[in-house]
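Everything below concerns the one structure shown next.
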Amino acid sequence: MELIYMDHAATTPLDQRVLEYMLPTLQDVYGNASSVHRKGQEARKLVEEARSKIAEVIGATPREIYFTAGGTEADNLAIFGVAEALGLTKGRHLITTSVEHHAVQDSFLKLQEIGFDITFLPSDQYGRVNPQDVAEAIRPDTILVSIMHANNEIGTIQPIAEIGKITREKGVYFHVDAVQTVGHIPVDVQTMNIDLLSLAAHKFYGPKGIGALYVRRGVRVKPHIYGGAQERGLRAGTENVPGIVGMGKAIELAVAEMEERGKKEIYLRDKLIEGILKIPDVRLNGHPTERLPGNVNVSILYIEGESILLSLDLEGICASSGSACTSGSLDPSHVLLNIGLDHATAHGSLRLTLGKDNTEEEVDRVLEVLPTVVHRLRVMSPIWPENLLK
Amino acid sequence: MELIYMDHAATTPLDQRVLEYMLPTLQDVYGNASSVHRKGQEARKLVEEARSKIAEVIGATPREIYFTAGGTEADNLAIFGVAEALGLTKGRHLITTSVEHHAVQDSFLKLQEIGFDITFLPSDQYGRVNPQDVAEAIRPDTILVSIMHANNEIGTIQPIAEIGKITREKGVYFHVDAVQTVGHIPVDVQTMNIDLLSLAAHKFYGPKGIGALYVRRGVRVKPHIYGGAQERGLRAGTENVPGIVGMGKAIELAVAEMEERGKKEIYLRDKLIEGILKIPDVRLNGHPTERLPGNVNVSILYIEGESILLSLDLEGICASSGSACTSGSLDPSHVLLNIGLDHATAHGSLRLTLGKDNTEEEVDRVLEVLPTVVHRLRVMSPIWPENLLK
Amino acid sequence: MEYTDKVMDHFQNPRNMGKIDNPSAVGEVGNATCGDIMRIYLDIEEDVIKDVKFQTYGCGAAIATTSIMTELVKGKKLEDALKVTNANVAEELGGLPPVKMHCSNLAADALQAAIEDYKNKNQE
Amino acid sequence: MEYTDKVMDHFQNPRNMGKIDNPSAVGEVGNATCGDIMRIYLDIEEDVIKDVKFQTYGCGAAIATTSIMTELVKGKKLEDALKVTNANVAEELGGLPPVKMHCSNLAADALQAAIEDYKNKNQE
Ligand SMILES: Cc1ncc(COP(=O)(O)O)c(C=O)c1O
Ligand SMILES: Cc1ncc(COP(=O)(O)O)c(C=O)c1O
């Protein structure tokens, strides 16, 4: 049975061209990039090349890019870093949304716990935030607005450029979690007026365990991890040279091939959505058009997500769900709840996220398998209307 | 010219057997280890195997091992994590030494800045801490003692087992930064009574960008990075599967070959030390016997460290120094200053750290080259006694 | 999820899945908010479970535990059935991931609810 | 360190390294605490630097900047020498890493100290 991987929002395979590019740093270029000697300097050179590539792609300068261990750490650094830099002087109010990734949400909950004042903006039924709401929420003591570029679960893209205009006008820092968008859709920190931007390589066919935070020149951020003087004092720890080098290569390839990949993914995505919506009692989650090229998210009524995933997995199809059983907590996805789904509908969510190597045959196979799986589980379900006790 | 790498304390080459073992996770085993489907589960399996290997080696159970992005993050997690877990209840006093790595020292300085009370214990001229000093420093409000196992600069090994007895008796958590020792000399959290232990893979021929914190069952620690539910809620972020898997393999090999590697390194180390001390006006830094198998650290009077490194590098020899010019700050190594060296002597430090693949020929070559380099720089130096103005 | 082969077998081929027309008793526990609902139909003759069927809304563990529970109690006297189920549904499955242990409790609760229903009806 | 080839050349083959017996003037700046000491010997005839030598304790950049500075001022009139050095020792070297820029200042200071010494002696 051929495996069909449709969980690219969770992680992407490492592009083999990236692996090949990384290999020297896993072999002969083993020096510590902070060492004075040639083994250190050859590593340093590759690190700085990667930094330049990343900067170029998002419209930044190399000195504005700081490597972290991933998207989560980049988000933590941005949020705790700004809170600490400005919390005792400019103010203690921060604004975010109710549909952020846990890396952002939980950082804000932590800040709230230690006495910061956090506004969680609502979203509409598609998961979109209203820029006007952002404008109205900003106060004199607001130090940061943090809003994701696109949602990892439902794929909805936020009006970042519009919000950036507002935050810039009001003189408030703007952080954007772009973990799901960099390498997939255009991101430009200049035209979008972004001050801090989080990236993670493993979402664009780069290695796991490496990410970066863009920090606009002059923006004040305190470190979150203390120690050596790496990353110009903002992020201590021996540089993950292979990770950094792989991230640089991956972003280069992703941007070069973005248009082509995007077109194909959108075509397959729309075919998938159309096909799945033919199953009765299924609803699309997320925005119908303002959504990531590869994202499909539906709620399938009367059945639970994990059991759908297991059934698909038995057919060789890899997917994900916002069901509590897969969320690592007792509740289903806060994103699904916050766009207005009830618990049962959220439990029945199914996310299929396409990548550059998915094919139309794979989409066809999913559309063949899924209705059977759904029917089988519904027949088993005590809440399927046909099974209700009279 | 053959390259002679003697900077293993900075980082080690990735063992090719480790790379081979990692390769599948850089290719076909690309799933997110937290995913329900088979691609996730095959990654999860390898992650848990690595966790078990690491646990076994240090005398822990798998559930006590938490992966981080490196030694620095492990140190930060231990120190900030305990401070936060106990700071509002048990007390706000923590004890460490004046010879810790920056990852520990700077974490404590940060805690001090936000109102914790930190005792920095002095060391003797060899960098060793007196267990009696630890016992006397412990107060009712002491929540943590953090002392490194062996010093990364001067190689001195601390009397960890003796200190562990004291902290256990007094009921105070004991954190040990074992980044320089795991895989090199025996570490056992049971016999040494250690509650938290930091590890970094790239110091024992594993990959960069991955480390771990051992947390004894029942020990209370708060997360330092917030987000997803990975690592049972203590460390958020998509698992660095290749890093974790490589770390497991590397520790397995290091422990299997520890005795053999150690014997060879000690032999070469002692030959190096003996030979270098024949140069006039050179002193050994660190303990004469209680030192890491591969560590040589000397101060070469009248000349400065970076210029020694550059000169050696031109001869193909990779080494390091505690000179300010290489420390990333304006001051020379705090370790060298805190064991009693004056600034000039600290600036003239040279560290040669041996690894498993160094040979006697390489040692001989260093002993041939170094005197010439030293002499050349001394002739250039206005503070060399022969150059002093009458 | 790290499910055992036995769990996956019961998930794929659930035993006694479906409903009983005119059952002696029905028990249902859980709700869609918490993510698991189990319904047990019993056909009881002289305090012996002649037939048992289930319907489950929930994760793989929920479906597998209900399935194996029905196997374990089928043909048993009510008093023995109550003992069996309280004990080791999870064990029978070769273990469950820690986060899924509540599922085996729920399966036991569903059976109890059904037997309770039977007793209530028979008292009348 | 990311030194240019020119820096490395001057570090490896420092020009005018050594001392002048009976110099017209000597200047020394820095101290071992901060990690750099530079000493300049001058042989001056009719306000022209006939010969210049240096000794430096310090990092690669410190040695290279002193070396190139001596090259730049040798044969120059004192007033021109003062101009040259204040300007672009670093530039001549093809740039220096940011953390090393103070070295070029120090080299300039050393020359100034030596010329100062000369002036003081000549006033007497
Ligand atoms: C939107 C978003 N933010 C942050 C993260 C966290 O990234 P990582 O898991 O690489 O730390 C992810 C992915 O998991 C994400 O999708
Ligand atoms: C003793 C010690 N602690 C902590 C660290 C930090 O480890 P890393 O640089 O891998 O984060 C190091 C190495 O740099 C070390 O030698």
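A, B, ... follow the sequence lines: proteins, then strands. Residue 1 opens every chain.
Ranked by non-hydrogen atom pairs under 4.5 Å with chain A, the options B:Val18, B:Thr25, B:Thr11, B:Ile79 are led by B:Thr11. Ranked by heavy-atom pairs under 4.5 Å with chain B, the list A:Leu14, A:Ile225, A:Asp15 is led by A:Ile225. Of the listed residues (B:Asn32, B:Asp313, B:Thr72), the greatest number of heavy-atom pairs within a distance under 4.5 Å of chain A belongs to B:Asp313. Contact tally against chain B (heavy-atom pairs below 4.5 Å) for A:Glu239, A:Gln230, A:His202, A:Lys110: the top residue is A:Lys110. When the candidates B:Cys318, B:Pro207, B:Ser320, B:Ala69 are compared by the number of heavy-atom contacts under 4.5 Å with chain A, B:Cys318 comes out ahead. Among the candidates A:His101, A:Met22, A:His224, A:Glu73, the residue making the largest number of heavy-atom pairs closer than 4.5 Å to chain B is A:His224.
Atom CD1 of B:Ile114 is surrounded by more than 12 heavy atoms from other residues, nucleotides or ligands within 6.0 Å. The neighbour count for B:Glu113 CD, taken as heavy atoms of other residues, nucleotides or ligands under 6.0 Å away, is above 12.
Contact of B:Pro242 with chain A is made through the side chain alone, with heavy-atom distances under 4.5 Å. When heavy atoms are compared at a cutoff of 4.5 Å, A:Ala319 approaches chain B solely by way of its backbone atoms N, CA, C and O. The parts of B:Asp106 that come within reach of chain A are both its backbone and its side chain, each placing non-hydrogen atoms under 4.5 angstrom from that chain. For a residue to count as touching a neighbouring chain, one of its non-hydrogen atoms must lie under 4.5 Å from one of that chain's; by this rule A:Asn240 touches chain B with backbone and side chain alike. There is no contact between A:Glu100 and chain B, counting heavy-atom distances below 4.5 Å. When heavy atoms are compared at a cutoff of 4.5 Å, A:Arg235 approaches chain B solely by way of its side chain, counted from C-beta outward. Contact annotation for A:Gln105: neither backbone nor side-chain heavy atoms come within less than 4.5 Å of a heavy atom of chain B.
Taking NZ from B:Lys39 and CG from A:Leu3, the interatomic distance works out to 5.5 Å, rounded to the nearest 0.5 Å. Rounded to the nearest 0.5 Å, atoms CD1 (A:Ile244) and NZ (B:Lys208) are 10.5 Å apart. One distance of note links CG of B:Leu309 with CZ of A:Arg38; it measures 12.5 Å at 0.5 Å rounding.
A pairwise comparison of heavy atoms in B:Asp7 and A:Ser35 identifies OD2-OG, 3.2 Å as the closest pair. Of all the heavy atoms in A:His102 and B:Gly228, the pair that sits closest is CB-N, 3.9 Å.
Relative ring orientation between A:Phe80 and B:Tyr226 is described as tilted, the plane-to-plane angle lying within the 30° to 60° band.
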